[in-house]
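Residue numbers begin at 1 in each chain, while the letters A, B, ... track the order of the sequences. Keep in mind that the numbers below use all heavy atoms, side chains included, and drop hydrogens, waters and symmetry copies.
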Amino acid sequence: MIEFGNIIHNATCDAIKTLYDADINNDLIQIQETRQEFEGDFTIVVFPFLKISKKNPEVTGTEIGNYLVQNCEIIEKFNIIKGFLNLSIKKEHWLNFLNSLSTIESFGTQPSKSSGTKFMVEYSSPNTNKPLHLGHVRNNLLGYALSNLLEANGHEVIKVNLINDRGIHICKSMLAWQKWGKGITPESSGKKGDHLVGDFYVKFDLEYKKQIKELTDSGIPQEEAEKKAPLIIEAQDMLLKWEALDEEVTSLWKMMNGWVYSGFEDTYKKMGVNFDRIYYESQTYLLGKAIVQKGLEKGVLYQRPDNSVWIDLTADGLDEKLLLRSDGTSVYMTQDLGTAAQRFDEYHMDELIYVVGNEQNYHFQVLSLVMEKLGYDWAKNLKHMSYGMVELPSGKMKSREGTVVDADDLVDEMVKTAHDMSMELGKLDEYTTEQTKEIVNMIGMAALKYFILKVDPKKNMLFDPKESIDFNGNTGPFIQYSYARIQSIFRKASELNLNISDSETVPSEKELKLLKVIYRFPSVVADAGKNLSPAMIANYVYELSKEFNQFYHECPILKEEDQGLRNLRLHLSEQTGKIIKKSMNLLGIDVPERM
RNA sequence: GGUUCCGUAGCUCAGUUGGAUAGAGCAACAGCCUUCUAAGCUGUGGGUCGCGCGUUCGAAUCGCGCCGGAAUCACCA
């Protein structure tokens, strides 16, 4: 791998040593790509050297520039504007770079598990009482893309899902089914299991609200009515039976959860995400109590007169936090303490990343602080990848108000729109229904995935269904289109019996512009991995695609008569295609060979 | 009230160890299909980077203080 940046960096060190007899701090040497409007390829900022050279920026720049031209093999010439030393790399070295790409099997990414670092990424983590919605979509896409990104940086990654399969919420669905839906199954109703169970959850809520209203109408205060409604009492009763392993409740629970799982499985498959291991809360919710016990013995935690257990975090600017209820049962935090400890014991990973919405920022802040106070040395390796809410033009999504966007509906609608759009443009005329289906599916999913992944995770984002379906501009389909065009060129080239070989023709400015974007790929992957930001990849691949489209319009490829130039352009297109595909795959997005 | 996060063009968003004249897309307007895929390309207009002060040769980026918005601070998960 040719790295101009490193070469220039080292040469600059030598220059300063020779010219000013000074050893320079590494981070004082700033090398960046030269901006479009100036001549040159890389730019050294000379301001930081002025204290050493004791000369003005122009003189200092000139001295360093002269040194580099004489002593650094790859540099052809330089110019100085203000305090910026712009260096031009000899064209033949750019050519070498391009030629080297075909022999590097994994340009931009690190070989699998080469870093020796192991990550566990927990994402998705749904409840089993209702289908997945738009918020889960952002979670799933981020979690999956993040895992790919870590792998591309050479880390080992274990993807896990913690399914919240127990609790009062699922009892509500179960109860509603018992009362108003006995006998109805996904098969009999033709409904996806998770949707069916979700319907009963909604039904419960509806009837529950009716009961509350009846009670408040008869003069009972709202708060009391919410607790005394017969339905909620029955649901709580059912939860107790579940915890007592009541046979009837357990088998109902197993059946209905089974429906939900097959529904989820379906949605995950459509979204193209997967897991290496699935945890069920019903099997982990008792974990953590032993840890709390130990914490009590150590004096890190304390017990109140009513027997509830707490930790005082006020010294760290947080509050007091409950870890065990007065009746001895555990809370969410307790479980998370237990599961984290269990996972580190079992997998010995270096980091555990939770992909969870930003409404739980406080929870994870507390989690790692508690772990630290309890003396676990891996506490600092618990990371929370926090993402913002997805808002709709009409406001926030609220399941109660029916303003949620269902994940399955959304996927179907994106694919349908892709289909309509493609037909209208006459893009699919020559394909079989099977091929059409496959292509249209890829396009619809790309539109959805890219729309969500291009936004910085930590920001709240606005999801406008209309705009998300737009396939022009900065969208997934546009990037796919660029790729499909490249493939089209190759099909034509092979019909013409044109083989791509190493290039010998010196690239002009137009080819160089594209080549420079390609050059950046490895550093983008590394930065994105460091910052846990799939969005950095998304924005890069858009830039590359856009650059290619301009190139495509400005530079004839197959029609170019000069054989060397034609080969160079083909070669460039080939590498561009590879990187687009690789980038999109990191995001979990497929690219079609034609569209 | 405490803590955390956000504020960049009419709208949606990039801009990451502080660097040159802050960039895209959408929307608007004007062009380009006998030419490798027009889901494309070119051009025009559009900005007090929330506000102020500070650090610096240099600030959208760092610090402090305001203003505006979001989340959270449960014996819920």
Side-chain angles (χ1 to χ4, degrees), chain A residues 27 30 32 34-35 37-38 43 45 47-48 50 57 81-84 86 125 127 164 166-169 281 285 304 306 308-310 314 316-327 329-333 335-336 357-363 365-366 386 388-389 391 393 396 418 421-422 424-425 427 443 451 454-456 458-464 466-468 470-475 477-482 484-493 496 527-528 530-531 533 535-536 538-540 542-543 546 549-550 552-560 569-570 573 594-595:
Chain A
D27 39 318
Q30 296 176 48
Q32 50 200 253
T34 303
R35 292 177 63 122
E37 57 269 35
F38 303 106
T43 296
V45 184
F47 290 110
L50 302 185
I81 295 169
K82 296 187 195 171
F84 298 93
N86 299 324
S125 306
N127 291 352
N164 182 4
R166 64 163 287 280
I168 191 75
H169 57 87
E281 208 187 288
Y285 80 107
R304 288 186 182 175
D306 67 357
S308 57
V309 179
W310 296 74
T314 47
D316 298 275
L318 304 176
D319 299 291
E320 289 176 89
K321 188 82 191 170
L322 176 88
L323 294 178
L324 224 48
R325 292 190 187 102
S326 49
D327 63 5
T329 56
S330 54
V331 290
Y332 181 38
M333 183 61 70
Q335 297 172 40
D336 265 2
N358 63 10
E359 70 271 13
Q360 294 193 32
N361 284 356
Y362 183 75
H363 173 80
Q365 205 182 335
V366 171
S386 166
M389 296 191 128
E391 285 164 23
K396 280 185 200 128
M421 209 90 133
S422 304
E424 201 178 307
L425 289 167
K427 296 269 181 190
I443 297 173
F451 187 86
K454 73 174 175 184
V455 181
D456 179 356
K458 69 173 179 290
K459 288 184 178 177
N460 286 358
M461 67 174 290
L462 187 82
F463 184 84
D464 185 342
K466 277 187 216 132
E467 198 187 326
S468 72
D470 191 350
F471 293 164
N472 300 314
N474 189 355
T475 65
F478 167 79
I479 296 162
Q480 291 178 317
Y481 178 65
S482 311
R485 265 183 162 172
I486 292 170
Q487 302 319 304
S488 174
I489 291 170
F490 294 146
R491 284 193 294 272
K492 292 245 159 69
L496 297 169
D527 285 350
K530 227 178 288 161
N531 294 307
S533 172
M536 291 175 75
N539 287 295
Y540 167 79
Y542 170 66
E543 193 184 332
K546 192 170 157 59
N549 271 297
Q550 288 169 8
Y552 177 92
H553 279 271
E554 286 172 17
C555 304
I557 298 170
L558 298 174
K559 297 205 173 88
E560 175 57 50
R569 288 176 177 173
L570 263 172
S573 304
R594 54 188 84 203
M595 68 185 271

In whole Å, measure the gap between the [atom1] atoms of [N] and [M] for me.
N      : M      : atom1 : answer
B:rA60 : B:rU21 : P     : 10 Å
B:rU16 : B:rA59 : P     : 15 Å
B:rA20 : B:rG15 : P     : 15 Å
B:rU8  : B:rG23 : C1'   : 10 Å
B:rG18 : B:rC49 : C1'   : 15 Å
B:rA9  : B:rA14 : C1'   : 13 Å
B:rC5  : B:rG50 : C1'   : 16 Å
B:rG47 : B:rC11 : P     : 13 Å

Heavy atoms only, 4.0 Å cut-off, all strands: where does A:I557 land among base, sugar-phosphate and nothing?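 Base contact.
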Contact class for A:D336 vs. all strands (heavy atom < 4.0 Å): base, sugar-phosphate, or nothing?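 Since no nucleic acid heavy atom lies under 4.0 Å of A:D336, the category is nothing.
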With a 4.0 Å limit, can you tell me whether [X] has a side-chain N or O closer than that to the phosphate oxygens OP1/OP2 of [N]?
X      : N      : value
A:N472 : B:rG40 : yes
A:R594 : B:rC36 : no
A:K427 : B:rA39 : yes
A:K546 : B:rG40 : no
A:K321 : B:rC73 : no
A:R569 : B:rC36 : no
A:Y332 : B:rA77 : no

How close or far is atom P of B:rC13 from atom CZ of A:F451, stated in whole angstroms?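 These atoms are roughly 7 Å apart.
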How about A:E424: does its CD atom have over 12 heavy atoms from other parts shown lying under 6.0 Å from it? no
Is the distance between the ring centroids of A:Y481 and A:F471 less than 6.0 Å? no
Between the side chains of A:T329 and A:R325, is a donor N or O closer than 3.5 angstrom to an acceptor N or O?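 Looking only at side-chain atoms, A:R325 and A:T329 do form a donor-acceptor pair, the distance falling under 3.5 Å.
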Scan every strand shown for a Watson-Crick or G-U wobble partner of B:rG46, both distances under 3.5 Å, and answer none if you come up empty. none
Mapping A:Q550 and A:H169 to their closest nucleotides on RNA chain B, which lands nearer the 5' end?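 First, find each residue's nearest nucleotide; the 5'-ward one identifies A:Q550.
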Comparing A:H553 and A:F38 on RNA chain B - which has the more 5′ nearest nucleotide: A:F38
Could one point to a donor on the side chain of A:S422 or the base of B:rA39 with an acceptor on the other under 3.5 Å away?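 A donor-acceptor contact between them is present.
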Residue A:Q32, side-chain atoms from C-beta onward, closest of B:rC36, B:rA20, B:rU72: B:rA20
Parallel, tilted or perpendicular for A:F463 and A:F451, by the 30°/60° rule? perpendicular
